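Here's the structure we're looking at; comments come further down.
The figures here come from the full heavy-atom set of this structure, side chains too, leaving out hydrogens, waters and symmetry mates. Just so it is clear, the model here is predicted, and its values are computed rather than measured.
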Amino acid sequence: MRLRRTGRVPPDARVRHYDELDDATQATVAELAGRPRTAPESADLEDGDVVKFTDYYRIRAR
């Protein structure tokens, strides 16, 4: 999965707050935020989800 910063949250997107995620997913989000890297998919997040962390990040799963 990849995170991409987004300034717009689509009305049909599922928004997840960082503190709702499990510890492993929180660590992955913190690591990927603002970095062009990928990580294994998380069972906690799906393609198109938006995570509210230091900004809003859209999840892209492959």
Open item on the list: For residues M1 and Y56: do they belong to one hydrophobic cluster (side chain heavy atoms under 4.5 Å, members Ile, Leu, Val, Met, Phe, Trp, Tyr)?
Closed with: no
Task: V29, L3, L45 screened by side chain to side chain contact (heavy atoms under 4.5 Å, CB included) with Y57, the one that passes - done: L3
Open item on the list: Show the nearest heavy-atom pair for residues P10 and R58, with the distance to one decimal.
Closed with: CG-NH1, 3.3 Å
Open item on the list: Would you say that L21 contacts V51 through its side chain, given a criterion of any heavy-atom pair below 4.5 Å between the two side chains?
Closed with: yes
TODO: To the nearest 0.5 angstrom, please state how far the CG atom of D55 sits from the CZ atom of R5.
DONE: 5.0 Å
- [ ] For E31 and R37, work out which heavy atoms get closest and say how close.
- [x] OE2-NH2, 2.7 Å
Task: For G48 against A13, the heavy-atom pair lying closest together - done: O-CB, 4.0 Å
- [ ] Can you measure from OG1 (T25) to CD (E20) and round to the nearest 0.5 angstrom?
- [x] 12.0 Å
Open item on the list: Donor-acceptor pair, distance only, cut-off 3.5 Å: does the side chain of D44 make one with the backbone of D22?
Closed with: yes
Task: Linked, directly or transitively: F53 and V50 (ILVMFWY side chains, under 4.5 Å) - done: no
Task: Close side-chain approach of D47 and R60, heavy atoms under 4.5 Å - done: yes
